[in-house]
Amino acid sequence: MEAFHLLSRGGAKFDKKKFKSEVSLFNGSKGREPKASSSAHALAGELPPELDFFKYAQGGIPKRKADEVEGGIDLKGKKRRVEGDDEDEDEVVGSRDAQQTEDDPPMPRHRVTTKGKDVPEHVETFEALRERFHLPSHLLQKLAQHGYKRPTGIQSHGIPILMERRDLAAISPTGTGKTLSYLLPVMAALGAPAASSKSDAGSGVRAVILAPTRELAHQIHNECLKLAQGRKWRIVLFSKATAATLADKKVREKIDIIISTPLRLVASLQAGNLELDNVRHLFLDEADRMLDTEFLEQVQEVIAACTHPEIQKAVFSATLPANAEKIAMSMLRDPIRVVVGLKDTPLPLIAQSLTYVADDQSKLPTLLQYLSQPYNPPVLIFVSSQPRATSLAEELVIAGVPNVDCLHAGMTKKEREDAVSRMRRGESWVMVSTEVMARGMDFKGVREVINYDFPQSVQSYVHRIGRTGRAGREGKAITYFTNEDAPFLKTIANVLLQSGSTVPEWVLKLPKPSKMKRREMGKIKRAEAVNNARRIGRSDAIKKREMIAGSKRRKEKEQQRKEKLAAAPLSADGTDGES
DNA sequence: AAAAAAC
């Protein structure tokens with residue numbers, strides 16, 4: 001009860017450990033929440049942030065028993081039915097996820113399907129990679145050293161494919177270790193650092209990894225550094241600052257791996273400060289996002305700059321709509337497609353629910369009510385725009401919710417970095433953010449996701465809620481919907497159903513979007529078409545200038561907002577009280 | 001279908 005009090009008032013200095021176990025105890029009565037013991041255990045066993053990378057392999061992850069009945073639906077039975085529905089008839093059904101063997105951590109079981117010519121045999125263990133591909137022992141040591149026991153589905157199938165230098169389109173659910181599945185082969189292929197005299201691999205960058213957000217690029221970079229620890233590879237997280245150092249050609253030639261967002265890289269290419277003609281590995285993380293129209297052109301420019309004849313390309317995501325897959329496949333050479341589990345589907349470990357809030361005004365009271373009761377921090381809250389992120393965070397602070405943070409791309413680089421590190425340190429209890437956080441970000445502790453604003457696509461939904469339930473842990477996801485969201489509700493509801501969560505009967509009985517709605521949507525579509533048509537005639541330079549102006553305006557607005565907020569800082573430091 | 005993100 002004390003914890004409850006502290007939480008709602010936010011007035012006291014805080015022992016998170018103590019707090020969390022008490023809150024969990026509290027929740028225990030509700031049955032659906034993770035058990036107190038598991039919560040306390042997870043917390044006690046928490047690794048320092050620098051070891052996060054190895055979390056996938058950790059044992060002792062609490063998991064719902066397979067035969068547990070939840071909300072009237074037998075998860076096991078449900079899952080079997082869904083698997084039976086698979087439509088890709090010409091696909092080869094490979095092994096199951098290696099994680100399922102008796103004594104091992106209960107990672108979710110996923111079927112793995114592969115498609116393509118001469119698909120390399122998957123491996124059951126990391127050791128097998130040494131025998132087959134001479135994976136350097138220092139890499140194996142890194143894995144073993146940190147308790148990495150068995151490869152996940154995507155790792156056991158993807159790594160051999162990549163190590164045989166084949167192109168790959170990999171689809172695997174959120175939190176199943178995609179990053180390692182492409183980093184390990186890159187590190188193995190690099191051999192000696194470019195700076196070393198032993199290197200016979202030509203000069204200049206040999207691997208490029210692209211990600212859609214700075215935060216994700218940063219996270220990938222960190223994980224890469226962990227694998228490279230003690231080695232002399234130059235692994236560069238591309239930023240304005242690092243790009244500036246490239247003017248010196250000697251500097252560029254010694255880089256081994258670049259991890260970057262597309263536009264940053266394109267800027268350097270255009271400035272003539274970077275050559276990618278020696279790149280042997282070009283990987284796209286969050287591939288469907290990277291192939292969105294807004295990124296596509298930039299990505300294509302990077303691809304065009306990678307002129308090495310033996311370049312290996314690969315794309316990774318938890319979601320890959322048909323459209324994006326078509327583009328991806330056209331970019332790859334004789335590709336292999338690997339699908340772990342079901343495409344565009346969240347993990348069954350995430351308990352999903354829908355909450356009706358009549359309109360936008362009703363959301364805040366609903367959220368405050370929710371946060372006035374015990375919850376498992378940190379909670380990640382998604383909204384649809386930057387201003388809404390700022391103002392919601394503001395409202396929560398005013399309402400006395402402690403340790404509220406905010407993250408969106410309108411913030412400065414430093415603000416964004418600070419927000420992420422508060423999150424990593426467990427100092428944020430409530431993180432309000434936009435789509436910028438929806439993909440790839442791996443905050444181990446996140447147990448709850450709230451979609452305050454309805455997601456704009458199934459893909460967005462899957463990635464957002466995939467911030468929880470990672471590496472075999474449980475998670476909880478709540479999605480608010482208003483009357484206006486109704487036309488899109490059924491689509492999302494089906495996603496919930498497919499992944500083993502329950503949906504109120506009446507939602508399933510909803511008709512397809514009404515004629516009126518469709519007409520409305522049609523109007524928007526036409527208006528957009530007209531708008532686009534108007535733009536077609538314009539030069540790229542004008543478009544670019546407009547884009548820059550738009551972003552400047554946003555930044556100015558943001559600054560004004562911040563100044564207003566100065567009296568009530570977003571970031572509580574644990575000792576602050578409300579006014 | 002629409003916003004966000006990328007420099």
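Order of the sequence lines sets the chain letters (A, B, ...), proteins ahead of strands, with each chain counted from 1. What's counted below: heavy atoms across the whole structure, side chains too, no hydrogens, waters or symmetry copies.
At a threshold of 4.0 angstrom between heavy atoms, the contacts of A/P212 are confined to the sugar-phosphate backbone, with no base atom among them. Contacts of A/R439 with the nucleic acid, taken as non-hydrogen atoms under 4.0 Å apart, are absent.
Of the candidate nucleotides B/dC7, B/dA6, B/dA4, B/dA4 has the atom lying nearest to any side-chain atom of A/S385.
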>> Go through it in stages, so that I can follow the logic: the residues are A/R206 and A/D256, the test is salt bridge (charged side-chain N to carboxylate O under 4.0 Å, His left out), and I'd like the CA-CA distance, side-chain angles, deciding distance and then a yes or no.
In response: CA-CA 5 Å; A/R206 283 176 292 161; A/D256 294 287; 2.6 Å; yes

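Whole-Å rounding puts the A/E294 CD to B/dA6 P distance at 12 Å. Atom CG of A/D485 is separated from atom P of B/dA3 by 14 Å (rounded to the nearest Å). Nucleotide B/dA6 holds its C1' atom 13 Å from the CG atom of A/L296, rounded to whole Å. Distance A/L284 CG to B/dA5 C1': 16 Å, rounded to the nearest Å. Atom CD in A/E215 sits roughly 6 Å away from atom P in B/dA6 (whole-Å rounding). Separating the CD atom of A/E435 from the P atom of B/dA3 is a distance of 12 Å, rounded to the nearest angstrom. Distance NE2 (A/H408) to C1' (B/dA3): 14 Å, rounded to an integer number of Å. A straight line from CZ of A/R464 to C1' of B/dA3 spans 10 Å, rounded to a whole angstrom.
If you look at A/F488 and A/F454, their ring centroids are not closer than 6.0 Å.
Using modelled atom types and a 3.5 Å distance limit, the side chains of A/T176 and A/S172 yield a donor-acceptor pair. Looking at A/D359 and A/S362, their side chains do bring a donor and an acceptor atom within 3.5 Å of each other.
At the phosphate of B/dA6, OP1 or OP2 sits under 4.0 Å from a side-chain N or O atom of A/R416. Of the side-chain N and O atoms in A/T261, none sit less than 4.0 angstrom from OP1 or OP2 of B/dA5. Between A/S460 and B/dA3 there is no side-chain N or O to OP1 or OP2 distance below 4.0 Å.
For the pair A/K363 and A/Y452, the distance from NZ or CZ to the six-membered ring centre is under 6.0 Å and the angle to the ring normal is within 45 degrees.
In this model, no side-chain donor or acceptor of A/Q386 finds a partner on the base of B/dA3 within 3.5 Å. For B/dA5, its base sits under 3.5 Å from the side chain of A/R289 at one donor and acceptor pair at least.
Residue whose closest nucleotide on DNA chain B sits further toward the 5' end, between A/F238 and A/P455: A/P455.
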